[in-house]
Amino acid sequence: MGKKYYIETLGCAMNVRDSEHMIAELTQKEGYEAAESLEEADLILINTCSVREKPVHKLFSEIGQFTKRKKSGAKIGVCGCTASHLGEEILKKAPSVDFVLGARNVSKITEVIHRPKAVEVEIDYDESGYAFGEFRTSLYKAYINISIGCDKQCSFCIVPHTRGEEISIPANLIVQEARRAAQSGAKEIFLLGQNVNNYGRRFSGEHPKMSFTDLLRAVSEIEEVERIRFTSPHPLHMDDEFLDEFAKNPKICKSMHMPLQSGSSRILKSMKRGYTKEWFLQRAARLRETVPDVSISTDIIVGFPGESDEDFEDTMDVVEKVRFEQIFSFKYSPRPMTPAVDYEGQVPEEIGSARLARLQARHNEMLDEMKGERLGRVYDVYFEELRPGGRAAGRSDNNWLVQVEGSEELLGRTLPVKIVETSRLGNVGVVVA
Ligand code: SAH
Ligand code: F3S
C-alpha cells in the first residue's frame, strides 16, 4: 500500500500553487497518493495564511482536531506563511506537529518529512529556479508562479516578512511551463505573484531585464494558450503601456484586480501604497474607457490606524465612482513585524465593523443593479468544472461565473452563452451555438 497525503490549503492563489508543488514533489519523489480522508492519511499538511490574525488563532485548534482524528503514526506538517512567521513556536505550542515548512521553502518538502521536528523557514531562501514536478488540480487551468516574495513594504502587510524579498522567475522557464500546460489541455494560464506587474526587476542570476507587459506578450504568443489571467497587479505599476497591452491583447482576459486598500490619499500614504486617490481613479477610468466590458475587482481595508470618518468617505467615494464588480473587504488586523501595528489612532473594533458593514451593504446594492445589465447578454464562457445537478461551470472572459446544463463534453471548451438568470455573483445561461 502506498503512503497517503491529505492537504488543507488556506489563503491566496499562491498557496494553492505551493500546495500543488508540494503534491508534485511528494507523489513523484516519495510515491505518495491522495488520501480520501484525513483519517486514512499518513501525512497531513496544513498550508497556512497569516495575512489576518483570525486564521492564525484557528490554526492551533485545528491542529488539535487533526491530532485527535489522525491515525496513529501519521505526521502533521504546518506549511505556508504562518509557518514562516511562527517557526519553532509552532512546535512548542503544538507538540503533535512533526515539522514546520515556510512559504519560501516549499521545495524542501521531501526532505522535512524525514527529519523529525524539522523547522525550515528561511525567508531569504531562493527557489526561483527550482524545477518542481508537475501536478495540477485542474486539467483546464494552470497556475504558474512568475515571482516569489514581495518588495513592497505596505505598512499593514506581513507577506514581505513571510515570503521574503521579491525575485522574478526567469521568463524562459515561465514560457516553457505555460507551453507544456497549454499543450496538455490547460488553455487558461493564470500567472501568479504578490505584485505581478513589478515583474522583471530582479532575478537571482543574470537575466535580461523584462517587464510584465513583455511577459504577457511572450505567453500570449504560445499558440495553444487561449486565455491569460493574472493576480495580483499593483495599481502603482499600471502604466499606459501595461493598460494598453491589457486592452488590445485578445488572449488577456478582461478582468483586472486593482487592490485599492483605501480611497483616502492620506491613509494610502501611511499604508505606503505609493499612489493617491486621484491616480487610482484616473487608472480605473482609463481602464473602463479602453476596455468597456472590463470587470474590476478590488481589496479594501477599513479601520486602518488613523482612518477618520472623512477618510472612510473617500473610500466610499471611490467605490461609487469605480463601481467594482467584486470587492474583497477586510477590517484592519494588526500584524506582528509590520509598522502599522505601532501606529497611533488604532480604530475601535465597533467603528471598524460598522464601516465594513456599510461598505458591504452598499456594494451589494450595486451588485443588484449590475446583475440586471447581464441578463440576455451573450458571453464567451470557458468551461472548467462540473457542478451537481447535471451542470457545467466556467467563467466569462470578464470573470463572471456562469453555469449551464451540461457535462464532460463542455469541459475545456469556450462557447457563447446567453445569460437567462443572474444573482449577485453567479449566473445561469444557455449555450447558444
Ligand atoms: N499582493 C497581494 C497581497 C496579499 S494580502 C495581493 O495584492 O493580493 C491580500 C489582501 O489582504 C490585501 O490586498 C489586503 O487587502 C488584505 N490585507 C493584508 N494585510 C492585512 C491586514 N493587516 N489587515 C487586513 N487586511 C489585510
Ligand atoms: Fe503585501 Fe503590499 Fe506586497 S499588500 S504582498 S506588501 S504589495
Side-chain angles (χ1 to χ4, degrees), residues 10-18 48-57 80-82 84-85 103-104 123 143 145-168 190-199 201-202 212 229-238 255-264 267-275 280 296-307 312 315 318-319 324 326-343 346-347 349 352-353 355-356 359-360 363:
L10 306 162
C12 65
M14 297 215 76
N15 263 14
V16 173
R17 186 63 182 141
D18 288 344
T48 58
C49 171
S50 64
V51 158
R52 281 165 293 276
E53 195 178 8
K54 227 188 208 155
V56 178
H57 280 316
C81 282
T82 305
S84 310
H85 153 211
R104 213 183 159 106
I123 70 155
Y143 283 125
N145 289 348
I146 68 164
S147 56
I148 57 179
C150 182
D151 265 357
K152 297 275 175 220
Q153 294 284 336
C154 300
S155 61
F156 51 82
C157 186
I158 197 171
V159 173
H161 308 278
T162 63
R163 290 187 175 268
E165 70 176 15
E166 192 171 315
I167 303 180
S168 298
F190 211 127
L191 304 175
L192 297 179
Q194 297 299 336
N195 184 1
V196 286
N197 50 346
N198 195 39
Y199 178 80
R201 305 284 158 101
R202 189 193 303 121
F212 183 57
R229 296 187 192 274
F230 51 84
T231 205
S232 283
H234 193 295
L236 175 65
H237 304 296
M238 293 192 178
S255 84
M256 182 78 88
H257 190 57
M258 284 185 78
L260 170 66
Q261 312 303 359
S262 168
S264 153
I267 295 294
L268 286 168
K269 191 159 183 215
S270 134
M271 288 176 161
K272 297 204 168 50
R273 291 289 290 175
Y275 54 87
F280 188 95
I296 307 182
S297 57
T298 196
D299 291 348
I300 294 177
I301 297 176
V302 301
F304 184 77
E307 186 186 70
F312 177 64
T315 298
V318 176
V319 168
F324 297 103
Q326 199 172 9
I327 300 182
F328 301 93
S329 50
F330 315 101
K331 199 160 47 163
Y332 169 69
S333 169
R335 307 305 295 123
M337 301 180 281
T338 64
V341 74
D342 298 319
Y343 284 2
Q346 300 286 325
V347 174
E349 195 68 26
S353 302
R355 286 181 186 159
L356 188 66
L359 170 71
Q360 291 176 344
H363 189 241

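One-based numbering, in listed order, for ligands and for the atoms of each. Numbers here simply count residues along the sequence, with the first being 1. Predicted, not measured: the structure shown is a model, and the values here were computed from it.
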Which residue supplies the protein heavy atom nearest to atom 1 (Fe) of ligand 2, what is that atom called, and how far is it?
->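 Of the protein heavy atoms, Cys157 SG, 2.3 Å lies nearest.
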
For atom 15 (O) of ligand 1, what's the nearest protein heavy atom and its distance?
->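 Going atom by atom, the protein heavy atom closest to atom 15 (O) of ligand 1 ends up being Gln261 OE1, 2.7 Å.
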
Step-by-step ring pair (Phe, Tyr, Trp, His ring centres under 6.0 Å) determination, His234 to Tyr275 | CA-CA 10 Å; His234 193 295; Tyr275 54 87; 5.7 Å; yes

Quick one: pull up [atom1] in [X] and [atom2] in [Y] and give me the separation to the nearest 0.5 Å.
{"X": "Arg201", "Y": "Ile167", "atom1": "CZ", "atom2": "CD1", "answer": "15.5 Å"}
{"X": "Lys269", "Y": "Ser264", "atom1": "NZ", "atom2": "OG", "answer": "11.5 Å"}
{"X": "Gln261", "Y": "Cys157", "atom1": "CD", "atom2": "SG", "answer": "8.5 Å"}
{"X": "Gln326", "Y": "Asp299", "atom1": "CD", "atom2": "CG", "answer": "9.5 Å"}

May I ask you to check whether Phe230 and His257 place their ring centres under 6.0 Å from each other?
->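 For His257 and Phe230, the ring centres are not under 6.0 Å apart.
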
Is it true that a side-chain atom of [X] and a backbone atom of [Y] form a donor plus acceptor pair closer than 3.5 Å?
{"X": "Arg335", "Y": "Val159", "value": "no"}
{"X": "Ser147", "Y": "Ser168", "value": "no"}
{"X": "His363", "Y": "Phe324", "value": "yes"}

Would you say [X] and ligand 1 have an N/O pair spaced under 3.5 Å apart?
{"X": "Arg52", "result": "yes"}
{"X": "Asp299", "result": "yes"}
{"X": "Phe156", "result": "yes"}
{"X": "Ser333", "result": "yes"}
{"X": "His257", "result": "no"}

If we only count heavy atoms from C-beta on, is the Glu166 to Asn198 side-chain gap below 4.5 Å?
->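 The answer is yes; the side chains approach within 4.5 Å.
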
Is any side-chain heavy atom of Val341 less than 4.5 Å from a side-chain heavy atom of Thr338?
->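 Contact flag for Val341/Thr338 side chains = yes.
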
Which atoms of ligand 1 sit under 4.0 Å from any heavy atom of [X]?
{"X": "Ser232", "value": "6 (C), 7 (O), 8 (O)"}
{"X": "Arg335", "value": "22 (N)"}
{"X": "Tyr332", "value": "23 (N), 24 (C)"}

Say whether Lys331 and ligand 1 are in contact under the criterion: heavy-atom distance to a ligand atom below 4.0 Å.
->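 Per 4.0 Å heavy-atom rule, Lys331 contacts ligand 1.
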
Where ligand 2 meets [X] - atom numbers and elements under 4.0 angstrom, heavy-atom basis:
{"X": "Val159", "answer": "5 (S)"}
{"X": "Arg273", "answer": "2 (Fe), 4 (S)"}
{"X": "Phe156", "answer": "4 (S)"}
{"X": "Gln194", "answer": "5 (S)"}

Hey, looking at atom 18 (C) of ligand 1, which of Asn195, Ile158, Thr231, Val51 has the closest heavy atom?
->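 Among Asn195, Ile158, Thr231, Val51, the closest heavy atom to atom 18 (C) of ligand 1 comes from Val51.
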
Do any of the N/O/S atoms of Cys154, backbone or side chain, fall under 2.8 Å from atom 2 (Fe) of ligand 2?
->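 It does; at least one qualifying atom falls short of 2.8 Å.
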
Does Arg163 have a non-hydrogen atom less than 4.0 Å from ligand 2?
->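 Checking ligand 2 against Arg163, which is what was asked, there is no heavy-atom contact under 4.0 Å.
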
If you measure from each non-hydrogen atom of Gln194 to ligand 1, which part falls under 4.0 Å: side chain, backbone, both or neither?
->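 Both backbone and side chain.
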
Could you confirm whether Cys150 has any N/O/S atom lying under 2.8 Å from atom 1 (Fe) of ligand 2?
->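 No N, O or S atom of Cys150 is closer than 2.8 Å to atom 1 (Fe) of ligand 2, so no.
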
Do Arg52 and Phe330 meet the cation-pi criteria used here (NZ or CZ under 6.0 Å from the six-membered ring centre, within 45° of the axis)?
->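 So Arg52 does make the cation-pi contact.
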
Taking atom types as modelled, is there a side-chain donor on Ser353 or Lys331 under 3.5 Å from an acceptor on the other?
->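 Side chains of Ser353 and Lys331: pair found under 3.5 Å.
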
Using a heavy-atom cut-off of under 4.0 Å, does the side chain or the backbone of Pro160 touch ligand 2, or both, or neither?
->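 Under 4.0 Å from ligand 2, Pro160 contributes side-chain atoms alone.
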
